[in-house]
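What follows is a set of notes on a single structure, which appears directly below.
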Amino acid sequence: MSSYGGSAPEPAPAPAPQTKSPSPAEAPSKKKRVGVKMTDKQKGDLTKHMEKQKKAGMSGTELKSHRMKMMGRMRKGMTIQKAHKDIMK
């Protein structure tokens with residue numbers, strides 16, 4: 001006999017809709033970052049700084065790591081000198 005005939009089984013109840021608002025404890029850690037772009041002057045200064053570091057003997061992976069750290073600090077408003085000093089301490 002086929003199972004197509006007869007009464008259909010009742011569908012499972014729909015799950016309760018989840019709320020999108022995080023709990024108060026999670027809210028501060030889930031802040032959206034505001035993208036701050038570097039100016040052309042900052043980019044040029046960073047390029048010169050990285051050339052100096054390359055000539056000083058930093059490896060490729062060290063250069064990449066150093067550049068990322070420098071960019072993060074410069075976006076926060078630090079100068080090349082302050083950012084480099086902060087990273088190297």
Side-chain angles (χ1 to χ4, degrees):
M1 244 170 97
S2 89
S3 60
Y4 292 115
S7 64
E10 289 188 32
Q18 295 179 354
T19 58
K20 299 234 179 201
S21 61
S23 66
E26 287 184 56
S29 65
K30 297 286 182 177
K31 270 175 112 173
K32 184 177 178 184
R33 294 182 184 206
V34 178
V36 179
K37 294 188 177 183
M38 291 174 61
T39 65
D40 289 338
K41 182 184 181 321
Q42 285 177 317
K43 289 177 188 177
D45 291 345
L46 181 59
T47 302
K48 289 177 189 174
H49 174 76
M50 295 311 295
E51 284 299 317
K52 286 181 188 175
Q53 299 306 310
K54 190 175 185 179
K55 288 178 183 175
M58 266 194 186
S59 71
T61 53
E62 288 173 328
L63 282 170
K64 184 176 180 180
S65 174
H66 187 73
R67 183 179 194 85
M68 292 296 118
K69 290 175 184 175
M70 291 288 290
M71 286 171 57
R73 285 164 175 79
M74 289 175 74
R75 285 185 182 122
K76 292 178 185 175
M78 285 187 178
T79 62
I80 290 278
Q81 293 81 16
K82 285 182 181 179
H84 183 73
K85 189 176 180 181
D86 188 46
I87 292 167
M88 293 310 211
K89 60 177 166 175

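The chain is numbered in sequence order, starting from 1.
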Here the gap from Thr79 atom OG1 to Arg73 atom CZ, rounded to the nearest 0.5 Å, amounts to 12.0 Å
Calculate, to the nearest 0.5 Å, the distance between atoms CE and NE2 belonging to Met58 and His66 respectively. 4.5 Å
Keeping to residues at least two apart or across chains, list the side chain to side chain donor-acceptor pair (under 3.5 Å) pairs with something in residues 50-59. Ser59-Thr61, Ser59-Glu62
Same cluster for Met78 and Ile87 if Ile/Leu/Val/Met/Phe/Trp/Tyr side chains link at under 4.5 Å? no
About how many Å separate NZ of Lys76 and CG of Asp86, when rounded to the nearest 0.5 Å? 8.5 Å
With the 4.5 Å side-chain cut-off for hydrophobic clustering, are Leu63 and Met68 part of the same group? yes
Anything under 3.5 Å between a donor and an acceptor, one on a side chain of residues 41-48, the other on a protein residue two or more places apart or in another chain? List them.
residue	atom	partner	partner atom	Å
Lys41	NZ	Asp45	OD2	2.9
Gln42	OE1	Thr39	N	3.0
Gln42	NE2	Met74	O	3.3
Thr47	OG1	Lys43	O	2.8

How far does CE of Met70 sit from NE2 of His49, to the nearest 0.5 angstrom? 3.5 Å
